[in-house]
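Accompanying notes for the structure given below.
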Amino acid sequence: MKSDRGWISIWQSIALWFVPVLFLGIFFFIPLGKIINLSGIFQHGLQLTQGEWGAVVRPLTFTIFQAVVSTVLTLCIGIPGAYVLSHFRFTGRELIKAALIVPFILPTVVVASCFNSLLGPHGMINELLMTIFHLQSPPIALLNSFWAIILGHIFYNTSLVILVVGEAWSKMNPNYETSARVLGANRFQTALHITFPLLTPSVLASSLLVFIFDFTSFGVVLLLGGPAFATLEVEIFIQATQMLNLRLATVMSLIQIVMTLGLAAVYAGVSHGQSFELTPHFKRGEALKSSPFPQKIFSLGVLTVLFMFFFTPLIALVTRSMTSYQSGSSIGIPFFGGASWSYYSELFINRHGSLFYVPPYEAVFNSLLFATITVFITLPLGVLIVLALRQPHRINRILDPLIMLPLGSSAVTLGLGLLLAFNTTALYKIPFPVLLPIAHGLVALPLVVRIIQPAIDAIPVNLAFSARILGADRWHVLRDIEFPLLKQPVIVSSIFAFSVSLGEFGATTFLNRPDYPTIPIVIYRFLTHPGQVNYGQAMAMSTILMVLCILSILCIQLTDQTNRERK
Amino acid sequence: MNKTILLMMLMVMVALAGCSGVPTKSVEVPELKVMTHDPFAVSESIIRQFEEQNNVKVVFLKSGDTGSLLNRAILTSAAPEADVLYGIDNTYLSRALDADLFEVYRSPLLDKVSKEFILDQSYHVTPVDYGDVCINYDRQFFISHELDVPQDLNALTQTKYKGLLVVENPATSSPGLAFLLTTISRFGEEGYLEYWRNLKTNGVVVVNDWSTAYYTNFSASSGKGLQPMVVTYNTSPAAEVYFASSPVTEPPTAAITSPSTCFRQIEFTAILKGSAQQDLAGKFIDFMLSTSFQEDIPLQMFMFPVLPDASLPQVFRDYVTIADQPASLSPDLISKNRDRWIQDWTGVVLR
Amino acid sequence: MKQNTSARTALKVDKLVKFYEGNPLLNGLSFIVGPEEIVCLLGPSGSGKSTLLRIIAGLEPFERGSVTWQGNDLLKVPPELRSFGLMFQDYALFPHLNVFENVAFGLRMQHISETTITQRVNRALERVGMLGFAKRKVQKLSGGEQQRIALARTLAPEPKMIMLDEPLGALDRKLREQLTQEIRQILRTTGVPAIYVTHDQEEAFTLADRILVLSNGRTSQIGSPEDLYNHPATSWMANFLGLGNVIKGVVLSIQPLIVRTVLGDIRCPPQRLKQSVDANIIILIRPDGVEIAHKGKNSFRGVVEDCVFQGDHYRTVIRVTGESFVFNLPDKHLPGNEVILTINEEKVIFLK
């Protein structure tokens, strides 16, 4: 039990919590308070009419429903994916893992476009099916439907499950399963009684994160689902920015926050008894081509599904960015008219002398800058929190769910709140939009904590004890023994923090400065006017974003290459 | 472990290098801050002209769509973020005026502007440009299907046009709202819901934003969607020509501009109360009504200048028709009823 | 609980070939395990001992050869149906289950009634001396306790054969000695045949009925501990088993048998030799094969390099003309001192 780690006193716990709580207090709770204040709720209470309550409850039930379905299906794809990617070695594995995160950073507008070029009425799949089966009208009508929302969510979030669960799985001692088999359990029983119970902490953590993302999803519902589907987040956006009904928007925001709190509390309760020590066991993984046949077939099947789900839309994106075609012609055949780099070269030209033209490298640089700062903010804070959480002190039960709140808050609340709370302060006057990475950091922090925490809980106490006996003090135990064991989870969480920042758009619209445009802003700008050149440039910029993301992730993963070789 | 440290140092160095590369605002020149909506665009040379003439640096703050823009201005009114606001349109005008955000300013250049654009007789806001939200159609589609182009909103309920129209959600989209207002103007408050019921029966597709409607659903754009009719601006055909990847002699689309089928959107600018640069702000508003700025508007924002003398670019003259008797409703009426209208519409069309 | 004591062979491994990344790890390995027999697999690291166990358990495929149990080929039998026990060096106790559930796991897989399970678990715990630990969490146990629980878990389902993969490797010396005795005791009582893998020669000698030395993927030598001790087959074997000092020499004369070595001309006990005079030969001198003496037959002079107290003797490293030899001497000698030692003829062994 955790109380064995009896070397953090309550005072040290408080010391560890101090900076993170300060961070949250200043940059989340004060802005939240400001918004609640402005909405008049403090003065007049909620005061919602019958109709308004209806307007709240209806989206709420739908929001929960679609989030549950999305999360369950994401797990269904993610867990087999985690198995294959953590147990086998094959060429392109690291590339696939990096590419899986790309959806995280793509603006929904672009994702919608990709889905359309793949699954739209004249998209590649429909065109293919129509030619093969001689159909008159496209058989697949996926867009603007409930399933489009679910698909979009799976597309976005599966990487969370695959990387987090995969990382835990790859460290699991294979002898547990071996012992179970020899003791008489067949493969299914072994999975049921041994493998999955041991994976529970990471599955729970990733499920919580995925659920919250699905619950607060905005772009996917707005663009892929369409007007028939309203979630709480969409309603908040409409009420706050279109109807200018800040009061109703704030009420909905608060409901979102309360729900997040509830979820976090449930998670804390369920995962409390679930952590057990697992001596980490770094496996190289068997080479896929020399695995036994059933494993090989299963893996290839999973990889094919992953490919179809995740890579075909990305391939569609790249294709679109390089296709120049005559108006009025079908897009069913890619590269019609010849593949061209014209949209890419166009990106570098300010053809119309616009003041707001942004050269791509500037947008790229800014995006990378903000993402890097976000990681530098969240990692230290996250580590402090995780260390504090190791002790079952009472304050943990209160503070732990609080960290999750920014993730479950509407981007509008977050961004608008920060703006209103600080636009008169000195913080806002500096030429650099420092509030922007802070906003990103608020959202990324819960991610980092939830990813690293199960890993640190699994470190056997004996490891630390042996080191202490040999004379190492607490700091050296941390540095030389425990931190190296945490390297992988730290890397995984950094990658996600980085990606969250790269792709964040909601809060960014409130906090960005004109001289620091980021890539999503540039992409959106292209899509406000008709014209192939605009569309093509949006696709080209998105492809650049995608390539950038993959390269950054591969770089980060490379720093751990030495670890991977070790058996 | 060493490699991690190395990588981090590299990142820090890059960050620092980048910071130093970005020009710092160490100039002594005063700043004029202009808050606009996202679609705002202007040629760099024009702005530089103004900056040089007035020894000022103009800084633009883009703040989302019109609704978000207004919202932000209202919420920060105690400590305004800018000196000039641009982007309020006639659908939000009353609300903006009620929020008492602006200073009075009557530009001398206003004399040249036609009366129909001066919706605010108290001169808190100044009109800058306008555009007509009209239905655009895919010419090729109509030709190959041997369909007549509908000239009246009522025609859209005929079965031969079933499933061929895509509109935007008025709750989330400005052109969507404009189209809703067109129907209210055409059929009156008593009749518009019935009209929409008929449209719904006739398979009208509703999406949440213009991007989706135009780039995913519209058949004549890159999305190759299923609907050959989309609610957009009357300038969109010109944009299709202007932004085509290979030169075309004819736009693939055209706008329906017959009476009572379009909605005229007028965009305004104003000086924010509490601005420390009121003189400069006034000069900027004058500048926005000047010929050079007005003539820059069409190709940057694909809207029309309010100045009748401003000459239009060739692509506008060739391919854009101004709406004939566009719908218009008084800003007050819109302001009072907009929420209710949207709610009622949602009840009929989306549920 | 005694096994069926038929004279049939229990396990037979025949010409087993296993490739690992292109190279043969096991290269035609053959051996048998008799009922109630404890066979120790001895071999250096990387010699494929663990892989062999996994193959016998059915967890890994192999290229050629066969594994049979009481005459039946096990090729098509999955691991969960083989009824073999397998114990690991890291114990691999299920961390999410308590002691009782760990031990009961194999029984649960057999769908035995709850009462029977409780009985058998308690019996297993008793046998390893851990009764009363049933409700404890496995993480809280010490190394020795965990090892015993692991053993109980292996024994509870009454396997037909037990395989132990260096089970005592992680423990300290005293515990190791103690547990070695206990395991030996338990295995004898249950009468279950066992394969015990280790790289520790002392352990092997304590436990085994027969020892199988693995080298280059094959059996290097099989025999009882006495066989191996008294008649190691090759110099490599002698070195590996730490049996003493392996010395090269030349035959000077056959009767009496005198061999010229770097330690001088050594008189050896009479042997039937294949080699003739002037042949190269290798002999083994046990560590306890010398005494401090004055000059005389079979004596040599050397310089003490190192002298370490070992309890009942001093492990002394003696340097003679550039080569080092290890002998056990009753007294301490300081490094640097010169000593004269006499070789006891009886302690000289001829190797192939």
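Within every chain, numbering begins at 1; the chains are lettered A, B, ... in the order of the sequence lines, protein sequences first and strands thereafter.
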Q.
Donor-acceptor check, side chain of A/R513 to backbone of B/L61, threshold 3.5 angstrom: yes or no?
A. no
Q: Sort out for me which of B/T346, B/N169, B/I74 touches chain A most, counting heavy-atom pairs under 4.5 Å.
A: B/N169
Q) If you look at every heavy atom in A/I238 and B/A171, which pair is closest and at what distance? A) CG2-O, 3.8 Å
Q. What part of B/R139 lies closer than 4.5 angstrom to a heavy atom of chain A: side chain, backbone, both or neither?
A. neither
Q. Roughly how far, to the nearest 0.5 Å, is the OG atom of B/S245 from the CD atom of A/Q537?
A. 11.0 Å
Q: Might you point out which heavy atoms bring A/S354 and B/Q300 nearest each other, and give the distance in Å?
A: CB-OE1, 3.7 Å
Q.
Is A/L223 close to chain B through its backbone or its side chain, or both, or neither, when contacts mean heavy atoms under 4.5 Å?
A. both
Q. Checking A/R525 against chain B: side chain, backbone, both or neither under 4.5 Å from a heavy atom?
A. side chain
Q. Between A/L222 and B/N208, what is the shortest heavy-atom contact and its length?
A. O-ND2, 2.8 Å
Q. What is the minimum heavy-atom distance between B/E81 and A/N423, and which atoms define it?
A. CG-ND2, 4.0 Å
Q.
Please report the interatomic distance NZ(B/K62) to CZ(A/F356), rounded to the nearest 0.5 Å.
A. 4.5 Å
Q.
So for A/T424, is it side chain, backbone, both, or neither that comes closer than 4.5 Å to the heavy atoms of chain B?
A. side chain
Q.
Is B/F218 in contact with chain A via its backbone, its side chain, both, or neither, using a 4.5 Å heavy-atom distance?
A. neither
Q: Mind checking the CG-CH2 spacing from A/L527 to B/W210? Nearest 0.5 Å is all I need.
A: 8.0 Å
Q: Examine whether an atom of B/D65 lies under 4.5 Å from a heavy atom of chain A, and if so say whether it belongs to the side chain, the backbone or both; otherwise answer neither.
A: side chain
Q) How about A/H352 and B/F243: are their ring centres within less than 6.0 Å of each other? A) yes
Q. Heavy-atom distance under 4.5 Å to chain A: side chain of B/Y214, backbone, both or neither?
A. side chain
Q.
Within this structure, what is the CD-CG distance for the pair A/Q239 and B/N71, rounded to the nearest 0.5 Å?
A. 11.0 Å
**Q.** Between A/G353, A/P227, A/A228, A/G531, the one whose heavy-atom pairs under 4.5 Å with chain B are most numerous
**A.** A/P227
(Q) Report which part of A/L368 has an atom under 4.5 Å of a heavy atom belonging to chain B: side chain, backbone, both, or neither. (A) neither
Q: Please flag which part of A/N245 lies under 4.5 Å from any non-hydrogen atom of chain B: side chain, backbone, both or neither.
A: neither
Q) Between B/S236, B/S68, B/P237, B/A238, which has the largest tally of heavy atom pairs under 4.5 Å with chain A? A) B/S68
Q) Which atoms of B/I342 come close to chain A, meaning under 4.5 Å heavy atom to heavy atom: side chain ones, backbone ones, both, or neither? A) side chain
Q. If every non-hydrogen atom of B/Y215 is compared with every non-hydrogen atom of A/F526, which pair is closest and at what distance?
A. OH-O, 4.4 Å
Q. Heavy-atom count around A/R351 CZ within 6.0 Å, excluding the residue itself: above 12?
A. no
Q | Distance, nearest 0.5 Å, that separates OG1 of A/T528 from CZ of B/F302 | A | 10.5 Å
Q) Which residue out of A/G226, A/G536, A/A230 racks up the most heavy-atom pairs below 4.5 Å with chain B? A) A/G226
Q) Between OG1 of A/T509 and CG of B/D38, what distance do you get to the nearest 0.5 Å? A) 8.0 Å
Q: Take A/F510 and B/S63 through the test side chain to side chain contact (heavy atoms under 4.5 Å, CB included) and record every step on the way to the result.
A: CA-CA 7 Å; A/F510 291 103; B/S63 311; over 6 Å; no
Q. Which region of B/Y92, side chain (C-beta onward) or backbone (N, CA, C, O), has a non-hydrogen atom less than 4.5 Å from a non-hydrogen atom of chain A, or is it both or neither?
A. side chain
Q. By a 4.5 Å heavy-atom criterion (distance strictly below it), what part of B/L226 contacts chain A: side chain, backbone, both, or neither?
A. both
Q. Using non-hydrogen atoms only, which part of A/I521 is less than 4.5 Å away from chain B: side chain, backbone, both, or neither?
A. neither
